[in-house]
Amino acid sequence: MQLFIDTADVQEIREAAELGLLDGVTTNPTLVAATGRPMRECLTEICSIVPGPVSGEVLATTYDEMLAEARELATIAPNIVVKIPLIRDGLRVVKVLTGEGIKTNVTLCFSPLQAVLAAKAGATYISPFVGRLDDVGHEGMDVVHQIIEIYGNYGYDTKVLVASVRSPLHVLTAMQMGADVATIPFKVIGQLIKHPLTDVGLARFIADAAKIPSKG
Ligand code: E4P
């Protein structure tokens with residue numbers, strides 16, 4: 001499974017990239033706004049750090065404006081993936097962009113039926129938001145399971161990108177289900193690395209290493 005980071009903060013992206021495990025980046029308007037930087041400047045720098053797919057989202061919500069904005073975003077770098085919201089006009093835009101060879105990530109997906117429509121429009125990625133479903137009392141990962149099953153039934157190529165990840169358990173379950181990608185906040189990447197038994201074990205090795213005689 002590919003691991004993306006879900007942030008627009010270039011410091012976090014650089015740190016995650018240094019781990020050597022980062023396959024891509026997703027951003028959204030909220031994450032870009034938090035940086036205080038213009039969208040294009042922010043995405044251009046991210047694309048220069050990470051060679052893998054970098055999702056940048058359109059801000060418009062009408063067909064003509066989304067299409068124009070998506071084409072503009074696609075000129076930023078070859079690894080840009082244009083994020084389009086899962087609304088009626090968004091699906092139309094995805095169909096056109098797919099025909100033009102522009103990669104898309106259909107965002108704000110909350111049901112398997114929405115995911116099928118995105119796949120039929122030719123989306124490169126579908127982003128089910130698992131954490132936000134959990135927040136309203138639905139089991140977000142159940143939706144991921146249903147999408148994977150249905151895509152398998154019909155052979156859709158659209159990759160399942162698990163989004164709105166809140167915990168290591170989301171990542172583990174996504175892997176068990178065979179999701180293609182999980183996009184993970186910086187904090188959760190740190191949680192994936194850390195285990196208390198690793199820390200305790202290392203402390204003991206360091207203490208015992210000090211008892212090893214330097215000469216035989
Ligand atoms: C996905 O691409 C979105 O940027 C993101 O995962 C949303 O997560 P949130 O629900 O934590 O805002």
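Atoms within each ligand, like the ligands themselves, are counted from 1 in listed order. Counting begins at 1 with the first residue of the sequence.
The backbone N or O of V50 sits less than 3.5 Å from a side-chain atom of N79, completing a donor-acceptor pair. Listed for the T98 side chain is a donor-acceptor partner under 3.5 Å among the backbone atoms of G122.
Here is the list of ligand 1 atoms found below 4.0 Å of a heavy atom in K83: 1 (C), 2 (O), 3 (C), 4 (O). Near R132, meaning under 4.0 Å from one of its heavy atoms, ligand 1 places the atoms 7 (C), 9 (P), 10 (O), 12 (O). The ligand atoms of ligand 1 that sit less than 4.0 angstrom from a heavy atom of A163 are 1 (C), 6 (O). Less than 4.0 angstrom separates some heavy atom of T26 from each of these atoms of ligand 1: 2 (O).
By the 3.5 Å distance cut-off applied to N or O atoms, S127 is not counted among the residues near ligand 1. When only interatomic distances are considered, the shortest N/O to N/O separation between S164 and ligand 1 falls below 3.5 Å. An N or O contact shorter than 3.5 Å is missing between N105 and ligand 1 by distance. Here's the thing with T27: none of its N/O atoms is less than 3.5 angstrom from an N/O atom of ligand 1.
With 3.5 Å as the limit, one finds a donor-acceptor pair spanning the side chains of T26 and T183. Between the side chains of E65 and T62, at least one donor N or O sits under 3.5 Å from an acceptor N or O.
Judged by the shortest distance from any of its heavy atoms, E57 lies outside the 4.0 Å radius around the atoms of ligand 1. Ligand 1 has at least one atom lying under 4.0 Å from a heavy atom of D6.
Contact check for T27 versus C42: no side-chain heavy atoms found under the 4.5 Å cut-off.
Within a 6.0 Å radius of CG in D157, other residues, nucleotides and ligands contribute 12 heavy atoms or fewer.
The heavy atom nearest to atom 4 (O) of ligand 1, out of those in T183, N28, T7, is found in N28.
Note on V188: it does not cluster hydrophobically with L169, by side-chain heavy-atom contacts below 4.5 Å among ILVMFWY residues.
At the shortest separation from atom 7 (C) of ligand 1 among protein heavy atoms lies F129 CE2, 3.6 Å.
Atom-to-atom distance recorded for K120:NZ and T158:OG1 is 11.0 Å, nearest 0.5 angstrom.
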